Amino acid sequence: MFSFQPPRTYYREVTRLVLVSALLACGGTSSSPAAPAAQPTSDFRVGDYVVYDYTGAYAPAPTRLRQEIRRVNGLQIEMEVRAERGEERREWAQVLTDTEENRQNHVIDELYEVSNGTRTPLANENNRDLMRLYGWTLPDCVAPVEQLPTEERAIPIGGETQQCQCARQRMQCGGQPAVFERCECDMFPWGIASGVVMQEGATEPYWRVEIREVGFR
């Protein structure tokens, strides 16, 4: 859902603002006012979190990424993110409206970089700041050249097994022909459940993402 996953050109840059409006039911000819329609709300709860591990030859060291929901107000949620690679660390917070369209296009309402507990707002023009912050998780891949058949696969997540759809594409990664696979599950709201990039002729992944932990605290 919210992990800014590879490849860089797999997601188009966002240049438009998505407006979400709720319609209230009218009472017609009734003399008493109708009760307002229930407002939509996110399925996420404060305290929901996920931890991903990113490994492979694409980067000089593995990266661990943790995302946690800190605030929920209807469909608007605030998530804190921390990325660690060796002794390096990045922290930021992003506020977004939790709709399918916004998730698919990575539409961010507000973005803040965090340093020593201090938040600095970022302009995030065309999602450039978002891509920079998630940069340790992104391999050097270019646009897909061929779509391969999607496979259904059972993937263990948080002690349960979920049926997931794994989309596969041929593309160039790290300057070599490769196949990129990304698995998503309908019942897993965070987005990617697993992913791997295998360069042609390689025996080890150029890039891999796996769920280390998912839960609520």
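Keep in mind it's a predicted model, so treat the numbers as computed, not measured.
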Quiz item: Any side-chain heavy atom of Val51 within less than 4.5 Å of one from Ile211?
Solution: no

Exercise. Sorted by first residue and then second, give each salt bridge (Lys or Arg N to Asp or Glu O under 4.0 Å) pair with at least one member in residues 186-197; sequence neighbours left out.
Key: none

Quiz item: Sub-3.5 Å donor-acceptor pair from the side chain of Tyr112 to the main-chain atoms of Thr118, do we have one?
Solution: no

Quiz item: Would you say Leu138 and Tyr58 make side-chain contact, with heavy atoms under 4.5 Å?
Solution: no

Quiz item: What is the distance from atom CG of Leu75 to atom OG of Ser42, rounded to the nearest 0.5 Å?
Solution: 7.0 Å

Quiz prompt | Trp207 side chain reached by Thr55 side chain, heavy atoms, under 4.5 Å | solution = no

Quiz item: Asp129 side chain to Leu122 main-chain N or O, any donor-acceptor pair under 3.5 Å?
Solution: no

Quiz item: Can you name the side chain to side chain contact (heavy atoms under 4.5 Å, CB included) partners of Glu87, sequence neighbours left out?
Solution: none

Self-check item: Results of side chain to side chain contact (heavy atoms under 4.5 Å, CB included) for Gln199 - residues two or more places apart only
Solution: Gln176, Ala178, Ala202, Tyr206

Quiz item: Once you round to the nearest 0.5 Å, how far does CG of Leu96 lie from CG of Asp109?
Solution: 6.5 Å

Quiz item: Do Val107 and Thr97 pass the side chain to side chain contact (heavy atoms under 4.5 Å, CB included) test, and can you show the C-alpha distance, the side-chain angles, and the key distance before you say yes or no?
Solution: CA-CA 8 Å; Val107 178; Thr97 303; over 6 Å; no

Quiz prompt | Crowding at CZ, Arg170 (>12 non-hydrogen neighbours, <6.0 Å) | solution = no

Exercise. State, with a plain yes or no, whether a side-chain heavy atom of Val179 is found less than 4.5 Å away from one of Val197.
Key: no

Quiz prompt | Criterion side chain to side chain contact (heavy atoms under 4.5 Å, CB included) on Ile155 and Phe188, from CA distance to verdict | solution = CA-CA 11 Å; Ile155 296 178; Phe188 184 64; over 6 Å; no

Self-check item: Closest non-hydrogen atom pair, Ala83 against Trp136
Solution: O-CZ3, 3.6 Å

Practice problem: Kindly indicate whether the side chain of Asp98, heavy atoms from C-beta on, has any atom under 4.5 Å from the side chain of Phe44. | Solution: yes

Quiz item: With sequence neighbours left out, which residue pairs that include part of residues 138-170 fulfil the ring-ring contact (aromatic ring centres under 6.0 Å, His included) condition?
Solution: none

Practice problem: For His106 and Asn127, work out which heavy atoms get closest and say how close. | Solution: O-ND2, 2.9 Å

Exercise. With sequence neighbours excluded, give me every side chain to side chain donor-acceptor pair (under 3.5 Å) pair touching residues 154-167.
Key: Glu152-Gln163, Glu152-Gln165

Self-check item: Closest contact, heavy atoms only, Val72 versus Arg45
Solution: CG2-C, 4.2 Å

Self-check item: Cys164/Cys183 sulfur gamma separation below 2.5 Å
Solution: no

Quiz item: Between the side chains of Tyr49 and Glu213, does any donor sit under 3.5 Å from an acceptor?
Solution: yes

Quiz prompt | Glu68 and Asp48, any side-chain heavy atoms less than 4.5 Å apart | solution = no

Quiz prompt | Considering all heavy atoms, the nearest Arg168-Pro149 contact | solution = CD-O, 4.2 Å

Quiz item: What residues form a salt bridge (charged side-chain N to carboxylate O under 4.0 Å, His left out) with Asp53, not counting sequence neighbours?
Solution: Arg64, Arg212

Exercise. Of all the heavy-atom pairs spanning Arg90 and Leu133, show the shortest one and how long it is.
Key: NH1-O, 3.2 Å

Quiz prompt | Shared-cluster residues of Val196, by chain and number - hydrophobic side chains joined below 4.5 Å | solution = Met198

Practice problem: Taking Thr41 for its side chain and Gly74 for its backbone only, find out whether a donor-acceptor pair lies under 3.5 Å. | Solution: yes

Exercise. Report yes if the side chains of Leu111 and Leu130 come closer than 4.5 Å at any heavy-atom pair, otherwise no.
Key: yes

Practice problem: Just do the salt bridge (charged side-chain N to carboxylate O under 4.0 Å, His left out) check on Arg153 and Glu181 with the steps written out, would you? | Solution: CA-CA 12 Å; Arg153 191 176 305 156; Glu181 178 182 274; 2.8 Å; yes

Self-check item: Those residues that, when tested against Arg71, pass side chain to side chain contact (heavy atoms under 4.5 Å, CB included) (two or more places apart)
Solution: Asn73, Gln76, Glu78, Val95

Quiz prompt | Salt bridge Glu184-Arg182, side-chain N to carboxylate O under 4.0 Å | solution = yes

Self-check item: Residue pairs fulfilling ring-ring contact (aromatic ring centres under 6.0 Å, His included) with at least one residue in residues 140-168, sequence neighbours excluded
Solution: none

Self-check item: Val81 vs Gln94 side-chain heavy atoms within contact, under 4.5 Å
Solution: yes

Self-check item: ring-ring contact (aromatic ring centres under 6.0 Å, His included) involving Trp92 - partner list, sequence neighbours excluded
Solution: Tyr134

Quiz item: Is the count of non-hydrogen atoms from other residues, nucleotides or ligands lying under 6.0 Å from Glu204 atom CD greater than 12?
Solution: no

Exercise. Check whether the side chains of Asn105 and Asn102 place a donor and an acceptor atom closer than 3.5 Å, and report yes or no.
Key: no

Exercise. Return the minimal non-hydrogen interatomic distance between Ala167 and Thr150, and the atom names on each side.
Key: CA-OG1, 4.0 Å

Quiz item: Are Val46 and Met79 in one and the same hydrophobic cluster, where Ile, Leu, Val, Met, Phe, Trp and Tyr link if side-chain heavy atoms are under 4.5 Å apart?
Solution: yes

Quiz item: Rest of the hydrophobic cluster containing Val114 (Ile/Leu/Val/Met/Phe/Trp/Tyr, side-chain heavy atoms under 4.5 Å)?
Solution: none

Quiz item: Can you name the residues that form a side chain to side chain contact (heavy atoms under 4.5 Å, CB included) with Arg82, not counting sequence neighbours?
Solution: Arg66, Glu84, Arg89, Glu91

